[in-house]
Peer 1: 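Take this structure, written in structure tokens, and hold onto it; I'll ask about it next.
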Amino acid sequence: MKNEPEKKQKIGSALVVGGGIGGMQASLDLAEAGIKVYLVDSKPSIGGVMSQLDKTFPTNDCAMCTIAPRLVSIGRHKDISVLTLSEVEKIEGEPGNFIATVRCRARFVDEDRCTGCGTCVANCPVRFIPQPLDGYADVQLSPETKTLVDNIIAEHRFRQGPLMPILQSINVAFNYFPEDVMKYVSRQLEIPLTSILRVASFYNAFSLKPRGKHIINVCMGTTCYVRGGERLMDRFGELLNVKPEETTPDMLFTLKSVRCIGCCGLAPAVMIGEAVYGKLAVKDIQGIIKKYRGNGHAPHDH
Ligand code: FES
């Protein structure tokens, strides 16, 4: 995208960087004022964080109802060019008369012909490398592990949609998904490992890495965040000497950051295993950790 710079002459087009709600509204306002707009976003689509939210704080407005009309207006506006998967590399000139160099990454689909049906995602030959049905024949599980996994598979394999209950049971048994067990399940169910991993990596309750006995979920949803969730996270990290998503060397605790655990009225809130600690103060954290450390069992006083 180039505007030829002629010194001091103002050119009637604008560059908006970032396609979140602010960038979208700015683009619409500029375009309505008769200015040609180039809206640049590094993501594959515009919408920003708001497109991932259900409600917005503090008014509880429906996020999609806020951005959907703007997305449609931008898509239809003749004076707005949307450049996704793109980043501004450099800007030369002065305000009102500049040249912006924008790098657009390859999208690997013809945007003019794409209808957004998603079929290409489901059939991507790179992500879903077809595996032979007799794959992972060399995977060796210990006799105890094999018996445990065989029992889990036998319990669920003839149900409709057996993968999810099998993964849930394996998660309960191991607290994470050991690689060899996943390969074994893939072979037994004749489901490609990539399809299993796609499910396993989607849910927050699952992990592909070994986790601690107690998983500390510090809520960083909007309500908890504004009421001090970050301070709680810092204190847990300081006392356990781990960062978010890390596990203590004794495999007792894993510290995690989560988005809204469904008890915003108790913010700031933390969930350890099944126990919820609402309106939690930084000063109480040491005592909580001590209780869990005490005998290795979860305390029952919450
Ligand atoms: S934001 Fe923390 S429980 Fe909802």
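Remember, it's 1-based here, ligands and their atoms both numbered in the order they're listed. Just so you know, these numbers come straight off a predicted model, no measurement behind them.
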Peer 1: Below 2.8 Å, which protein N, O or S atoms neighbour atom 4 (Fe) of ligand 1, ignoring water?
Peer 2: C260 SG, C264 SG

Peer 1: Just distance, no hydrogens or angles: give the donor-acceptor pairs under 3.5 Å from side chains in residues 219-231, sequence neighbours left out.
Peer 2:
residue : atom : partner : partner atom : Å
Y225    : OH   : E230    : OE1          : 3.2

Peer 1: What orientation do H214 and F253 show, parallel under 30°, tilted 30 to 60°, or perpendicular over 60°?
Peer 2: tilted

Peer 1: Assess the side chains of R70 and S27: does a donor N or O sit below 3.5 Å from an acceptor N or O?
Peer 2: no

Peer 1: If we ignore angles and hydrogens, is there a donor and acceptor under 3.5 Å between the side chains of N151 and E155?
Peer 2: no

Peer 1: Evaluate side chain to side chain contact (heavy atoms under 4.5 Å, CB included) for V139 paired with E179, printing each intermediate quantity in order.
Peer 2: CA-CA 10 Å; V139 170; E179 187 179 332; over 6 Å; no

Peer 1: Just wondering, more than 12 heavy atoms not from D110 lying within 6.0 Å of its CG?
Peer 2: yes

